[in-house]
Structure formats: structure tokens, C-alpha cells
Amino acid sequence: MITSLPNQLTLFRIAVIPGLVALFYMEGALGRYLACGLFGIAAITDFLDGYIARATRQQSVLGGFLDPVADKLLVSAALLMMVAFDQITGYVVLPAVVILCREILVSGLREFLAGLSVGVPVSALDKWKTVIQMFAIGFLILGDAGPAMVPSRLIGETGLWVAAVLTLITGYDYLRAGLHHIEHAAARESDPTAETGHAAESRPGGPADR
């Protein structure tokens, strides 16, 4: 139900994106701090909505759809704006590209597997990737405007590289699982009478990216 608290928190993450983008155009350190704070609040809701949904048994199909979409929109908007405003430059653009490409890949796989009624549960490694990625983006948004004693840019860039490595690992796991189901779907299509039994092996049906 769209009025449930978990779904409202998820929608909040989408609603803050225009404000986050606008803050990049604010000159001076204040804009950086406000953008970092807004992104941080949005990132916290990413963990709260799933926890509340499970604790109150308010998990829903709508929430399972909105949650990963909101995450990808928020992360993509932040990375693109930081590249546009030279807060991500040089080789650090590479992990940003890896993260964005992986999100597109996983979205495509999820859409395909949804058609086969196959759920893709989130691994513990993927959750750690999300945590590190959110922290890294927060530090990168703050960048050189942060306190002199805190190397915000270095922390953010290092975290983004670590998140990119984890992104490649988890992305490969998703791709391997997706190809497995694609092969069996193709086999069933060529021989509808064949009974593979594989479709029933991994249909947890749990909401993704919670």
C-alpha cells in the first residue's frame, strides 16, 4: 500500500532528488553541506524502509519495486552531478561508471527474471557494497568543503573504489544467476515438454534490494 510508512520513506528518496540536484548549483561550502546532509538523510531511509517493512510485516509488491528504483535514481543522480561539477575527476570516474553500468545490468536481469517469477535475494556482500557506496558518495559530495582535519575527498574516492570492486563481484554473481535462468528458459522454449525443474529451485519471491 502506497500510504504505508516503508513506501512513504522510499518515495521520499525519490522526492529529494530534485532538491539534491538544485543544491549542486549553490555556490560555496553551504551548498555542499546541505547536499551532503540531504543525501545522508535519504540514505538512512534506504535502511529504515526495509527494516520497518519487515518488522511491521508491511512488505509489498509495490515496495519491492520502488525500493531498488529509488536507490538507483538517488545514486545515479548524485554521481552524475558530481562528475558534472568536477567533484569526481580523473580515474575516479571509472568506479562511478562501473557502478552505473552494474545498476543498469542488474535492472535488466531483474526485469527478465520477474517475467519468469524468479526472485533475486540480496546477498550480505551486496548490502555491504550499498553501505560503503552511500558513505563514499556522502564524503565526495562534501569534498574539499569539509573540515580541514578530515580528508573527505580521499575517504570518498577510496570508498568509491572499494564499492566498485564489490559491485563487480556482486554484479558477476547476478549475471551468472541470470544466465543460468536464461539458458533454461531457452531450453523450455525449444522443448516445451521438457521438465527441467530448475525454475522452482530459486523462487524465493523476496523483495529485491531491501
Side-chain angles (χ1 to χ4, degrees), residues 1-24 33-82 96 99-100 102-115 117-142 156 159-160 162-164 166-167 169-171 173-174 177 202-210:
M1 191 173 182
I2 198 167
T3 56
S4 67
L5 180 57
N7 286 341
Q8 290 294 310
L9 290 173
T10 302
L11 290 172
F12 170 78
R13 280 205 305 287
I14 298 176
V16 302
I17 293 174
L20 178 66
V21 170
L23 287 171
F24 275 91
Y33 274 98
L34 290 176
C36 180
L38 185 59
F39 180 85
I41 293 172
I44 291 173
T45 67
D46 182 26
F47 303 102
L48 284 179
D49 60 4
Y51 173 79
I52 293 174
R54 290 186 294 270
T56 60
R57 298 183 180 180
Q58 295 186 66
Q59 292 170 298
S60 65
V61 174
L62 179 62
F65 162 73
L66 285 177
D67 188 64
V69 170
D71 295 344
K72 289 170 176 55
L73 289 175
L74 180 67
V75 169
S76 298
L79 290 176
L80 289 172
M81 292 305 295
M82 285 191 291
I99 290 171
L100 289 176
R102 184 263 191 188
E103 299 296 3
I104 295 172
L105 171 65
V106 172
S107 294
L109 284 174
R110 288 192 185 282
E111 182 177 353
F112 171 79
L113 295 177
S117 298
V118 176
V120 183
V122 179
S123 65
L125 187 60
D126 200 22
K127 293 179 181 179
W128 275 109
K129 183 271 299 180
T130 300
V131 172
I132 294 172
Q133 177 178 282
M134 291 300 191
F135 270 102
I137 292 175
F139 276 105
L140 282 171
I141 290 175
L142 192 57
L160 201 65
V162 173
L166 296 180
T167 289
I169 296 172
T170 57
D173 290 339
Y174 281 122
S202 55
R203 291 192 181 183
D209 282 342
R210 278 292 188 191

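The structure presented is a predicted model; accordingly, all values stated were derived computationally and were not measured.
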Taking Arg13 as the fixed residue, which of Asp46, Leu73, Ile44 is the one that meets the side chain to side chain contact (heavy atoms under 4.5 Å, CB included) rule?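 Of the listed options, the one satisfying the test is Asp46.
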Name the residue from Leu48, Val69, Asp49 that meets the side chain to side chain contact (heavy atoms under 4.5 Å, CB included) definition with Thr10.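 With Thr10 as partner, Leu48, Val69, Asp49 yield a single side chain to side chain contact (heavy atoms under 4.5 Å, CB included), made by Asp49.
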Take Arg102 and Thr170, measure what side chain to side chain contact (heavy atoms under 4.5 Å, CB included) needs, and give me the verdict at the end. CA-CA 9 Å; Arg102 184 263 191 188; Thr170 57; 3.2 Å; yes
Are any non-hydrogen side-chain atoms of Gln133 and Leu166 less than 4.5 angstrom apart?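 No. Closest side-chain heavy atoms not under 4.5 Å.
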Measuring from atom [atom1] of [X] to atom [atom2] of [Y], what distance do you get when rounded to the nearest 0.5 angstrom?
X      : Y      : atom1 : atom2 : value
Leu23  : Ile141 : CG    : CD1   : 9.5 Å
Cys36  : Ile41  : SG    : CD1   : 10.0 Å
Phe47  : Thr45  : CZ    : OG1   : 9.5 Å
Leu74  : Leu79  : CG    : CG    : 9.5 Å
Asp67  : Asp71  : CG    : CG    : 5.0 Å
Leu100 : Leu105 : CG    : CG    : 12.5 Å

What are the two closest non-hydrogen atoms of [X] and [Y], and how far apart are they?
X      : Y      : result
Ala164 : Ile99  : CA-CG1, 4.4 Å
Ala136 : Leu160 : CB-N, 3.5 Å
Ala42  : Val16  : CB-CG2, 3.9 Å
Ile137 : Ala78  : CG2-CB, 3.8 Å

CZ of Phe135: more than 12 outside heavy atoms within 6.0 angstrom?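 No.
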